[in-house]
Amino acid sequence: MQLVALAEAYVKALAEAGASPLLIPTDLNEDNLAALFSRLDGIVFTGGGDIHPAYYHTAEHPKVDEIDTARDRTEFYLLNKVIAEGKPFLGICRGIQLVNVGLGGTLYSDITDQVPNALRHDWYPDWPRDHLAHSVQVESSSLLGKLLGRVEIHVNSLHHQAIAKLAPGLKPTAYAPDGIIEGVELPDHPFGLAVQWHPEWLTAFAPMRALFKAFVEAAA
Ligand code: MN
């Protein structure tokens, strides 16, 4: 039996920030998606399996995992819509990768295989999801820097892929100590922010709650 499911942490983080979150099915046709989209005030692109490497013109890789082509198609459609219509969006983990690929960037298929001397970023499945795995340096002048209110912050890390070539038009806003990009934003968009970590598991920390709060306020 196929399920359409989402970790409850996203729902709780958004509801606590004042949103009325709605889960989007991953395999609707375009007419239904367009009708749904017109009623939404903003979209969170959540974590999940890997984007099909064909979207960034890269060969299959043995460590690419959990591809869901219906979800890919749905999310790229919605990403194009939020950008074209200026609706707020927040990308998380797979979400930052989606934003980068959708705007013409590429990914490392597997950090351990492709980035020499990289830190460990795949702290799963045997670690708590709020495990603070590494720090990130945050650009103080960016929207992310203003919302977090600091230039260095510790984050969880539940990914094995990452941005390789940054998409034209995206501004990098946070880096891990090994140089992996952990934050981007879309300048001149009402609210276009994405992070490689999972703030929904870190809502005990006020700076992480501030990301959801700002997204919800922008969408209101
Ligand atoms: Mn990381």
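Note that the numbering runs from 1 along the sequence shown for the chain. Order of appearance sets the numbers: ligands from 1, and atoms from 1 within every ligand. Bear in mind the structure is a predicted one, so any value in this text is a computation, not a measurement.
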Asker: Donor-acceptor pair, distance only, cut-off 3.5 Å: does the side chain of Glu185 make one with the backbone of Leu143?
Answerer: yes
Asker: Return the orientation label for the Tyr55 and His52 ring planes: parallel under 30°, perpendicular over 60°, tilted otherwise.
Answerer: perpendicular
Asker: So, Glu16 and Lys12, do they make that salt bridge, N to O below 4.0 Å?
Answerer: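 Not counted as a salt bridge, because no side-chain N and carboxylate O are separated by less than 4.0 Å.
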Asker: When the ring centroid of His189 is compared with that of Phe89, is the distance short of 6.0 Å?
Answerer: yes
Asker: Keeping waters out of it, list the protein N, O or S atoms under 2.8 Å from the Mn ion (ligand 1).
Answerer: His121 ND1, His134 NE2, Ser157 OG, His159 NE2, Glu182 OE2
Asker: Quick one: does any side-chain atom of Arg71 pair with a main-chain N or O of Thr26 as donor and acceptor, under 3.5 Å?
Answerer: no
Asker: Verify whether the ring centers belonging to His134 and His121 lie closer than 6.0 Å.
Answerer: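 Between His134 and His121, the centre distance is under 6.0 Å.
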